[in-house]
Amino acid sequence: MTTVTLISGSTMGSAEYVAEHVAEILDNSGFTTDIQHGPELNDVPQQNSTWLIVTSTHGAGDLPENIQPFADALREQKPDLSSIRYGAIGIGSSEYDTFCGAIRTLDTLLASLGAQKIGESLEIDIQQHEIPEDPAEIWIKEWINLC
């Protein structure tokens with residue numbers, strides 16, 4: 001089966017927990033996973049790969065500090081990501097007008113570099129889901145069928 005590289009951006013740890021939880025489900029479904037918490041661009045495969053981006057939103061719709069260097073490298077180096085397929089999970093609070101701004105930023109950036117999105121993004125509202133792993137678990141089981 002496919003190897004999925006999970007790329008997480010987190011300030012308080014929620015996105016890391018979600019990434020680890022969905023990685024376990026992927027592993028149990030026959031996928032191979034590689035979890036990268038706040039990786040550098042050179043740490044992730046850039047050819048014929050499947051990425052799953054999991055990030056919270058920090059501040060006013062900003063990326064968490066640990067994934068900012070990854071996004072900066074994508075913007076600066078502008079790699080051809082046309083052989084990358086990806087999924088996107090965002091975590092945020094709907095009490096802010098920048099709800100899930102980080103995943104939306106990364107989604108736009110990846111698409112602009114040619115990456116092909118698998119399915120729809122999952123945007124988890126912590127106002128509705130105290131445990132963000134719960135909606136992620138439902139979503140990943142559907143996402144697997146698209147891979």
Side-chain angles (χ1 to χ4, degrees), residues 2-27 31-46 49-144 146-147:
T2 304
T3 297
V4 177
T5 302
L6 291 100
I7 301 168
S8 75
S10 190
T11 301
M12 304 296 284
S14 293
E16 290 179 11
Y17 299 140
V18 168
E20 290 166 2
H21 185 69
V22 297
E24 184 178 324
I25 294 167
L26 287 164
D27 289 336
F31 290 82
T32 302
T33 58
D34 176 27
I35 302 174
Q36 299 278 336
H37 298 301
E40 297 290 329
L41 181 56
N42 293 334
D43 294 339
V44 299
Q46 295 178 40
S49 299
T50 301
W51 295 354
L52 180 54
I53 311 294
V54 183
T55 188
S56 59
T57 296
H58 177 72
D62 300 322
L63 297 170
E65 284 184 22
N66 72 330
I67 201 168
Q68 188 66 55
F70 177 78
D72 290 344
L74 287 171
R75 284 186 193 102
E76 292 166 10
Q77 296 176 26
K78 294 181 176 44
D80 176 5
L81 299 182
S82 59
S83 69
I84 299 294
R85 298 178 69 218
Y86 74 98
I89 298 175
I91 303 169
S93 174
S94 61
E95 66 184 337
Y96 299 102
D97 60 355
T98 56
F99 173 66
C100 285
I103 197 62
R104 293 174 184 178
T105 297
L106 287 172
D107 188 13
T108 300
L109 180 56
L110 292 171
S112 75
L113 296 171
Q116 302 299 309
K117 189 172 182 181
I118 303 168
E120 296 295 320
S121 297
L122 171 64
E123 293 184 351
I124 301 169
D125 183 355
I126 60 168
Q127 296 297 313
Q128 296 179 12
H129 301 282
E130 190 173 315
I131 302 171
E133 291 89 335
D134 291 346
E137 183 171 328
I138 294 166
W139 181 89
I140 195 68
K141 289 176 181 177
E142 295 174 13
W143 189 79
I144 285 170
L146 302 174
C147 289

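Since the structure is predicted, the reported quantities are computational estimates derived from the model, not experimental observations.
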> Are the side chains of Thr55 and Thr105 in contact, using a 4.5 Å heavy-atom criterion?
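Thr105 vs Thr55: side chains apart.
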> So Val44 and Phe70, do their side chains get closer than 4.5 Å, heavy atoms only?
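Phe70 reaches Val44 side chain to side chain.
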> For Leu106 versus Ala71, what's the shortest heavy-atom pair and its separation?
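The pair with the smallest heavy-atom distance is CD2-CB, 3.9 Å.
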> Within the 4.5 Å heavy-atom criterion, are Ile144 and Ile25 side-chain neighbours or not?
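Ile144 reaches Ile25 side chain to side chain.
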> Tell me whether the count of non-hydrogen atoms from other residues, nucleotides or ligands lying under 6.0 Å of CD in Glu95 goes above 12.
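Enclosed.
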> Please round to the nearest 0.5 Å and tell me the distance separating atom OG1 of Thr5 and atom CG of Asp34.
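Separation between the atoms: 5.0 Å.
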> Nearest heavy-atom pair of Ile35 and Ala23: which atoms, and what distance?
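Closest heavy-atom pair between Ile35 and Ala23: CD1-CB, 3.6 Å.
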> Any side-chain heavy-atom pair from Leu74 and Leu81 closer than 4.5 angstrom?
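Touching, per the 4.5 Å side-chain cut-off.
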> Do you know which two heavy atoms are closest between Ser56 and Ser10, and how far apart they sit?
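Answer, listing the atom of Ser56 first, then Ser10: OG-CA, 3.7 Å.
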> Is a salt bridge present between Asp72 and Arg75, judged by a nitrogen-to-oxygen distance below 4.0 Å?
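Between Arg75 and Asp72 there is a salt bridge, with a charged N closer than 4.0 Å to a carboxylate O.
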> I want to check something: taking the side chain as every heavy atom from C-beta on, are Ser121 and Asp107 in contact at a cut-off of under 4.5 Å?
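Of all side-chain heavy-atom pairs linking Asp107 with Ser121, at least one is under 4.5 Å.
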> In Å, rounded to the nearest 0.5 Å, how long is the span from OG1 of Thr57 to CZ of Phe99?
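Reported value, rounded in 0.5 Å steps: 8.0 Å.
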> What is the distance from atom OG of Ser8 to atom CG of Leu52, rounded to the nearest 0.5 Å?
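Reported value, rounded in 0.5 Å steps: 10.0 Å.
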> For Phe31 versus Thr2, what's the shortest heavy-atom pair and its separation?
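Closest approach of Phe31 to Thr2: CD2-O, 3.4 Å.
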> Strictly by modelled atom types, are Glu137 and His21 linked by a side-chain donor-acceptor pair under 3.5 Å?
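Yes - a donor-acceptor pair under 3.5 Å links their side chains.
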> Please confirm whether the backbone N or O of Asp27 pairs with a side-chain atom of Thr33, one donor and one acceptor, at under 3.5 Å?
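Between the backbone of Asp27 and the side chain of Thr33 there is no qualifying donor-acceptor contact (under 3.5 Å).
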> Which heavy atom in Ile67 sits nearest to a heavy atom in Gly9, and how many Å separate them?
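The pair with the smallest heavy-atom distance is CB-CA, 3.7 Å.
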> Which distance, rounded to the nearest 0.5 Å, do you find between the CD of Gln46 and the CG of Leu41?
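One gets 4.0 Å once the value is rounded to the nearest 0.5 Å.
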> State, yes or no, whether a side-chain contact exists between Glu142 and Glu120 at a heavy-atom distance under 4.5 Å.
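Answer no - side chains too far apart.
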> With the side chain counted from C-beta on, respond yes when Lys78 and Leu113 share a heavy-atom pair under 4.5 Å apart, and no when they do not.
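Lys78 vs Leu113: side chains touch.
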> At their closest point, which heavy atom of Ile118 faces which heavy atom of Cys147, and how far apart are they?
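That closest heavy-atom pairing would be CD1-SG, 4.1 Å.
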> Would you give the length of the straight line joining atom OG1 of Thr11 to atom CG of Leu63, rounded to the nearest 0.5 angstrom?
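Between atom OG1 of Thr11 and atom CG of Leu63 there are 9.5 Å.
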> What's the spacing between Asp62 CG and Thr98 OG1 if we round to 0.5 Å?
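Atom-to-atom, Asp62:CG and Thr98:OG1 are 7.5 Å apart.
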> Is there side-chain contact between Trp51 and Leu110, with at least one heavy-atom pair below 4.5 Å?
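They are in side-chain contact.
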